[in-house]
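Everything numeric here is computed off the predicted structure, so don't read it as measured data.
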Amino acid sequence: HYHFAPMAFRPRPVQRPRIPVWVVGAWPHVKPMRRAARWDGLVVQGTDADGQPTNAPANLDEIVTWVTVERMRNGLTGPYDIVVGGTTPADDPAAAAAITASMAAAGATWWTEADWDTATIGSLRARIAAGPPRA
């Protein structure tokens, strides 16, 4: 836990009542998922079909359903973001679009490009030059 002295953020955010807060939820662990459901969005930490950790799990539709039910159960309404991530091929726009489209179809509202394992300066530059994948 960290404690800070009173401070002021400048410039003030345009959003009211505050900027959206996205909370990491580790699926299928209930406590972090409940915590994330109370805020404005979920940054998904889950597992893929092989049980390996991933930000874009194969069971995203199940996660989205769980969050939706949990929010309804607690009377929470309004917009809610589901943030997933992973890697898409910079040299194959159709394959990149297929990856992000499958996540959008399962309920994701944001995609973050994140290559934590194999990225090189060259691969990162290529991904940036290719632009964001289009679902």
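- Judged as a salt bridge (charged side-chain N to carboxylate O under 4.0 Å, His left out), and not counting sequence neighbours, the contacts of Arg34 are Glu70.
- Hydrophobic clustering (ILVMFWY, side-chain heavy atoms < 4.5 Å, transitive): Val83 and Trp66 are in distinct clusters.
- Within a 6.0 Å radius of CZ in Arg12, other residues, nucleotides and ligands contribute 12 heavy atoms or fewer.
- In the displayed structure, Trp22 atom CH2 is contacted under 6.0 Å by more than 12 heavy atoms of other residues, nucleotides or ligands.
- The two residues Ser102 and Ile99 have their closest heavy-atom pair at OG-O, 2.7 Å.
- By the criterion of side-chain heavy atoms lying less than 4.5 angstrom apart, applied directly or through intervening Ile, Leu, Val, Met, Phe, Trp or Tyr residues, Phe9 is not grouped with Val14; the two fall into different hydrophobic clusters.
- No donor-acceptor pair under 3.5 Å is formed between the side chain of Arg134 and the backbone N or O of Ala96.
- Hydrophobic clustering, with ILVMFWY side chains joined whenever heavy atoms are under 4.5 angstrom apart, groups Trp111 together with Val44.
- Thr88 approaches Glu113 most closely through the heavy-atom pair N-OE2, 2.7 Å.
- Interatomic distance, NE2 of His1 versus NE2 of His3, reported as 7.0 Å (0.5 Å rounding).
- Within 6.0 Å of CG on Leu124 lie more than 12 heavy atoms contributed by other residues, nucleotides or ligands.
- Shortest non-hydrogen contact noted between Gly107 and Val64 is CA-CG2, 4.0 Å.
- For the atom pair OG1 of Thr87 and CZ of Arg127, the computed distance is 9.5 Å after rounding to the nearest 0.5 Å.
- A donor-acceptor pair is defined here as one N or O able to donate and one able to accept, closer than 3.5 Å; no such pair exists between the side chain of Asp61 and the backbone of Ile63.
- In terms of heavy-atom proximity, Ile19 sits nearest to Pro13 at CG2-CB, 3.4 Å.
- Evaluation of the salt bridge (charged side-chain N to carboxylate O under 4.0 Å, His left out) rule for Arg18 yields Asp40 as partners, not counting sequence neighbours.
- With sequence neighbours excluded, no residue forms a side chain to side chain contact (heavy atoms under 4.5 Å, CB included) with Ile128.
- Atom CH2 in Trp27 sits 10.5 Å away from atom CG in Leu60 (nearest 0.5 Å).
- In this structure a side-chain-to-backbone donor-acceptor pair under 3.5 Å is present from Thr109 to Ile82.
- Closest approach of Tyr80 to Trp39, counting heavy atoms only: CE1-O, 3.3 Å.
- Hydrophobic clustering (side-chain heavy atoms under 4.5 Å, transitive across Ile, Leu, Val, Met, Phe, Trp, Tyr) groups Val30 together with Met33.
- Taking each heavy atom of Met103 and Ala56 in turn, the nearest pair found is SD-CB, 3.6 Å.
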For this session: For Asn74 and Arg38, run side-chain contact (heavy atoms from CB on, under 4.5 Å): C-alpha distance rounded to whole Å, both residues' side-chain angles, the deciding distance at 0.1 Å, then the answer.
Result: CA-CA 8 Å; Asn74 289 292; Arg38 289 192 304 261; 5.9 Å; no
